[in-house]
Amino acid sequence: MDKQERIVEHDAGARAVRRCEELGCDPYSDMRGGLYRPYLGTAHKAAAEALRGWMQGAGMSVRTDAAGTMIGRYEGSSANAPALMIGSHIDSVWNGGFYDGALGVMLGVECVAAFARRGLRLPFALEVVAFGDEEGSRFPLSMLGSRAMAGKAVGDVGQMRDRNGTTLQEAMQGVGLDVGRMGEARRRREDILAYLEAHIEQGPVLEHEDAPLAAVSAIAGIQRFYIRVQGQAGHAGTVPLHMRHDALTAACEMVLGIETLARAHTADFVATVGFAGRHWLRKPCRWRAPEQR
Ligand SMILES: [Zn+2]
């Protein structure tokens, strides 16, 4: 790589970052003063259109699959060759970060642009994918785009509603999609060589280690439990300790017990209690002790 090429590639990184930031506000966000880009919302549609232009500018042909995932393709040296897929998601959680997901997509666009600039074709195609639903921030099911692409059954999801009462089917119809045809997003295994995703670290370790970059060796498999601890109210002055059934102290012991159990595993194992309070009392308790199952 000569000096001129290095300058161009430096610009590419800066452009990827700038585009993420550009997508962080109106019209690419559905909230004021922050980023919220839910699946199939107004901001998602606007962001997908901006991305379409950037993908085309980088030399890709662009389509949207049956689950609303945008796919840019740069053919290899022969047509219809299997593809190396690069990408991430362009939806966001409420008050999300500019680079969460978007960076992985923009870096994919820049990779393709670098090959296109040199007129280089690889023995395989390059595809940049931008999943529309990864976060599950609108409907109560996450990763619809990648599930559909992998051919995983998503069940009867058309009547799932967002907080405004809009069903998934209605939201999909709004962009010309049909929930009943989501299965058409499935890709054949032999058409995909590998999938590569650059993603921001959503934790403090890289900064703590003063490392710019790391390779992911495992994916976190999160399980959530809501636990109701039921005690018995008793007069603070007259019910003796040996007869008390204080829910709060039992809950405290559970919180510390969970931490102790997690520490006994490998360093990568995490268990934490994120919320404690009356709020959950109104929610159904999904967790059952083994003897109650
Ligand atoms: Zn993400």
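Every number for a ligand or one of its atoms is a count from 1 in the order of the listing. Predicted, not measured: the structure shown is a model, and the values here were computed from it.
Among the backbone and side-chain atoms of Glu134, none of the N, O or S atoms lies under 2.8 Å from the Zn ion (ligand 1).
Annotation: Arg263, atom CZ; neighbour count of heavy atoms from other residues, nucleotides and ligands within 6.0 Å does not exceed 12.
Taking the Zn ion (ligand 1) as reference, the nearest N/O/S atom within Asp100 carries the name OD1. Nearest N, O or S atom of His89 to the Zn ion (ligand 1): atom NE2.
In the model, His89 has no side-chain atom that pairs as donor or acceptor with a side-chain atom of Asp133 under 3.5 Å.
Glu22 has no carboxylate O lying under 4.0 Å from a charged side-chain N of Arg18, or vice versa, which leaves the two without a salt bridge.
From Leu177, atom CG reaches atom CD of Gln169 across 9.5 Å, with rounding to the nearest 0.5 Å.
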